[in-house]
Amino acid sequence: MLIEYSQFINDFDKLIDILFESQKQYIKCKRGCSKCCVQGEYPYSQIEFTYLTQGYINLPQNTKILVQQNIRNLLMNRKEFKGERFEYTCPFLINGECCVYDYRGIVCRTFGLCYYDDTQGYVRLPNCAKEGLNYSEYFDVEKNELDIADIPKVNLRIDRVFNSELAKKYNIECGEIRPMIEWFGGSKKNNK
């Protein structure tokens, strides 16, 4: 199944590259920017997490140790968390870069783009738009409005991607979708 998933990701990346190219005037993403990796829930499907694990296995031992420390700290922080929505830094972010970049999930591959979410009926913007980055010059924070005409008509939500024609072409079954921390054994709220 990972061979088919790898082929799917290769084709998916080609589509994402086209979307990034078509929106390049609005996008400020560049190497070294990791704002999208420092605060989130990072939804991952079972197949994505399995693929990500392959990337982890291929890491040098010293990087694995850093990732393991990040995961332990993350799980400890989750256990002590009392709020409603636990957001965290991705444990694979090492020295400001993703150490498993080629194995990253759909949410990571699409972050930075805006798109129309037809299931929710609104345009989804990356959080960095509110921080002066992607789309910020075209986004009115007070009115919560985006002033661009070429919003991609494709829905990039993880559940929609895995129900797309491309996923069907490779017979991809994504499995359950959960926040990344839950794949590490960090149970849901209150750790019951």
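Please read all numbers here as calculations on a predicted model, not as lab measurements.
Side-chain atoms of K64 come within 3.5 Å of backbone atoms of I57 as a donor-acceptor pair (strictly under, hydrogens ignored). Using a distance-only test at 3.5 Å, with no hydrogens or angles considered, no donor-acceptor pair links the side chain of W183 to the main chain of Q46. Checked by atom type and distance alone, the side chain of E48 pairs as donor or acceptor with a backbone atom of S45 at under 3.5 Å. Looking at Y51, its side chain never comes within 3.5 Å of a backbone N or O of S6 through a donor-acceptor pair.
Minimum heavy-atom separation, P43 to I177: CB-CG2, 4.1 Å. Considering all non-hydrogen atoms of both residues, E145 and F139 come closest at O-CD1, 3.2 Å.
Using a 4.0 Å cut-off between charged nitrogen and carboxylate oxygen, R160 and D118 count as a salt-bridge pair. At a threshold of 4.0 Å, the pair K28-E137 counts as salt-bridged, since one of the basic side-chain nitrogens sits closer than that to a carboxylate oxygen.
Taking CZ from R109 and CD1 from I158, the interatomic distance works out to 11.5 Å, rounded to the nearest 0.5 Å. How far NZ of K35 is from CG of N134: 11.5 Å, rounded to the nearest 0.5 Å.
Here L93 sits in one hydrophobic cluster together with V38; the rule is ILVMFWY side chains under 4.5 Å apart, joined directly or through other members.
More than 12 heavy atoms of other shown residues, nucleotides or ligands fall within 6.0 angstrom of atom CG in D17.
Ring orientation note: the planes of Y5 and F8 are tilted relative to one another, at an angle of 30° to 60°.
Side-chain rings of F184 and F49 approach one another, their centers coming within less than 6.0 Å. Centroid-to-centroid, the aromatic rings of F86 and Y88 come within less than 6.0 Å.
Every residue meeting the side chain to side chain contact (heavy atoms under 4.5 Å, CB included) condition with S164, not counting sequence neighbours, appears here in chain and number order: L166, A167. Residues satisfying the salt bridge (charged side-chain N to carboxylate O under 4.0 Å, His left out) criterion with R104, sequence neighbours excluded, are absent altogether. Under the side chain to side chain contact (heavy atoms under 4.5 Å, CB included) criterion, Q39 pairs with E87, sequence neighbours left out. For K14, the side chain to side chain contact (heavy atoms under 4.5 Å, CB included) partners are N10, D11, not counting sequence neighbours. In this view, E142 satisfies the side chain to side chain donor-acceptor pair (under 3.5 Å) rule with no residue, not counting sequence neighbours.
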